[in-house]
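Predicted model only: the values in this text are computed from it and were never measured.
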Amino acid sequence: MWGGRAGALLRVWGLWPAGVLGRRPLSCNAASLAGSNPSGCWNCGSPGGPVRGDGFFCPQCRALQPPDLTRDYFSLMDCNRSFRVDTAKLQQRYQQLQRLVHPDFFSQRSQTEKDFSEKHSTLVNDAYKTLLAPLSRGLYLLKLRGVEIPEGTDYEMDRQFLMEIMEMNEKLAEAQSEAAMKEIESVVRVKQKELTDNVSRAFERDDFEKAKEILTKMRYFSNVEEKIKLKKIPV
């Protein structure tokens, strides 16, 4: 298949979209951050279930509790599980949570609470960054649905699209002026906006296969965006 040969060529050139560069791999439950929540407060033994809402603290002794790893990022950030996200509200929620759990506020607390604070803060940061960007948000939504895009595959991209990507990367490699790079950057921005609108409609229809196809294309363009940023850095 031509797409397979083009994919091999893209790998050789280092143009393959192996994900969003500089970002940690996405996780649906962030299980590596901490164990499951205890059935009661670790400090005073007060009974209670998983920590929900903004109840990060024991209502009896006010000790910070461990993160609730049964929550997905949308629940944590008080957003509907949808591709359309109010980014202003998301930012407000992020700031609200950081005021509650940021490690700076626990410097005089017990070591256990310091550890929990670090884990809460990391989880909140990961959730915020994931839901803020359309590409990572879409990939996370798919993952919640049990759909993943394998790394290092072209996902049956059509010949015309692969040619477009290769030509764009060739132009970027040859670009010697800031104006030339800005022109490419502008084209990529328009493409990403169009794809973002399309994937939003796909999620609204629960057409996850179409969303998967569009997000794969967005990942290619994201790779180009990262290369533009790197090229702008003075050597």
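Counted by atom type alone, N80 and S82 present zero donor-acceptor pairs between their side chains at under 3.5 Å. Using modelled atom types, one finds no donor on one side chain facing an acceptor on the other under 3.5 Å when comparing N43 with E113. Judged purely by distance below 3.5 Å, without hydrogens or angles, the side chains of Q96 and R99 never pair a donor atom with an acceptor atom.
Within 6.0 Å of CD in Q108 there are 12 or fewer heavy atoms belonging to other residues, nucleotides or ligands. The number of heavy-atom neighbours closer than 6.0 Å to CD of E183, taken from other residues, nucleotides and ligands shown, is 12 or below.
Side-chain heavy atoms closer than 4.5 Å link hydrophobic residues (I, L, V, M, F, W, Y) into clusters, and following such links, possibly through other members, connects L123 to L144.
Panel note: side chain E225, backbone V188; no donor-acceptor pair is recorded below 3.5 Å.
Among all heavy-atom pairs drawn from R109 and A63, the shortest one is NH2-CA, 4.3 Å. Taking both residues in full, the closest heavy atoms of V199 and T196 are given as CG1-O, 3.2 Å, listed atom of the first, atom of the second, then distance. Nearest heavy-atom pair across A202 and A211 is CB-N, 3.9 Å. Taking each heavy atom of R93 and D78 in turn, the nearest pair found is NE-CB, 3.8 Å. The two residues A175 and K231 come nearest to each other via the heavy atoms O-NZ, 2.9 Å. The two residues V224 and L172 come nearest to each other via the heavy atoms O-CD2, 4.2 Å.
The CG atom of L142 sits 12.5 Å away from atom CZ of R137, with the distance rounded to the nearest 0.5 Å. Here the NE2-CZ distance, from H120 to F56, works out to 6.0 Å after rounding to the nearest 0.5 Å. Interatomic distance, M168 CE to I228 CD1, rounded to the nearest 0.5 Å: 8.0 Å. Residue T112 holds its OG1 atom at 10.5 Å from CD of Q65, rounded to the nearest 0.5 Å. Atoms CD1 and NZ, on I184 and K171 in that order, are 7.5 Å from each other to the nearest 0.5 Å. With rounding to the nearest 0.5 angstrom, the CZ atom of F74 is 9.0 Å from the OG1 atom of T130.
Looking at residues two or more places apart in sequence or on another chain, you find a salt bridge (Lys or Arg N to Asp or Glu O under 4.0 Å) between R84 and E204. In terms of the salt bridge (Lys or Arg N to Asp or Glu O under 4.0 Å) criterion, residue partners of K232 (sequence neighbours excluded) are, by chain and number, E185. The salt bridge (Lys or Arg N to Asp or Glu O under 4.0 Å) search around R81 returns D72, not counting sequence neighbours.
Contacts classified as ring-ring contact (aromatic ring centres under 6.0 Å, His included) and involving residues 163-193 (residues at least two apart or in different chains) are not found. Residue pairs meeting the ring-ring contact (aromatic ring centres under 6.0 Å, His included) criterion with at least one partner in residues 181-200, sequence neighbours excluded, are absent. Sorted by first and then second residue, the pairs that involve residues 77-106 and meet ring-ring contact (aromatic ring centres under 6.0 Å, His included), not counting sequence neighbours, are F83-F203, Y94-Y128.
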Begin from the C-alpha positions of C79 and D86 and carry the test side-chain contact (heavy atoms from CB on, under 4.5 Å) through to its verdict.
CA-CA 8 Å; C79 296; D86 184 333; over 6 Å; no
- Task: Dump the intermediate steps for side-chain contact (heavy atoms from CB on, under 4.5 Å) on C41 and C61, then the final yes or no.
- Result: CA-CA 9 Å; C41 175; C61 69; 3.7 Å; yes
### Audit row: K191, E164, salt bridge (charged side-chain N to carboxylate O under 4.0 Å, His left out) steps and yes/no
CA-CA 11 Å; K191 294 284 187 181; E164 180 182 7; 2.9 Å; yes
How far apart are the C-alpha atoms of L139 and E148, what are their side-chain angles, what is the distance that settles it, and do they pass the side-chain contact (heavy atoms from CB on, under 4.5 Å) test? CA-CA 7 Å; L139 292 172; E148 296 190 51; over 6 Å; no
Item to complete: Would you sort out whether K210 and E213 count as a salt bridge (charged side-chain N to carboxylate O under 4.0 Å, His left out), showing the intermediate values?
Response: CA-CA 5 Å; K210 187 63 176 179; E213 175 189 339; 3.7 Å; yes
Worksheet item: Between F116 and V101, is a side-chain contact (heavy atoms from CB on, under 4.5 Å) present by the stated rule, with each step listed?
Response: CA-CA 9 Å; F116 287 158; V101 301; over 6 Å; no
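The pair K182-E178 meets the salt-bridge criterion, since a charged nitrogen lies less than 4.0 angstrom from a carboxylate oxygen. Using a cut-off of 4.0 Å between Lys/Arg side-chain N and Asp/Glu carboxylate O, D197 and K193 are scored as salt-bridged.
Using a 30° and 60° split on the angle between ring planes, Y140 and Y73 fall in the parallel class, below 30°.
Considering only heavy atoms from C-beta on, K217 comes within 4.5 Å of D158 through its side chain. Taking the side chain as every heavy atom from C-beta outward, K119 and P66 never approach each other to under 4.5 Å. Between V147 and K143 there is no side-chain heavy-atom pair separated by less than 4.5 Å. In this structure the side chain of L76 reaches within 4.5 angstrom of the side chain of L97, judged on heavy atoms.
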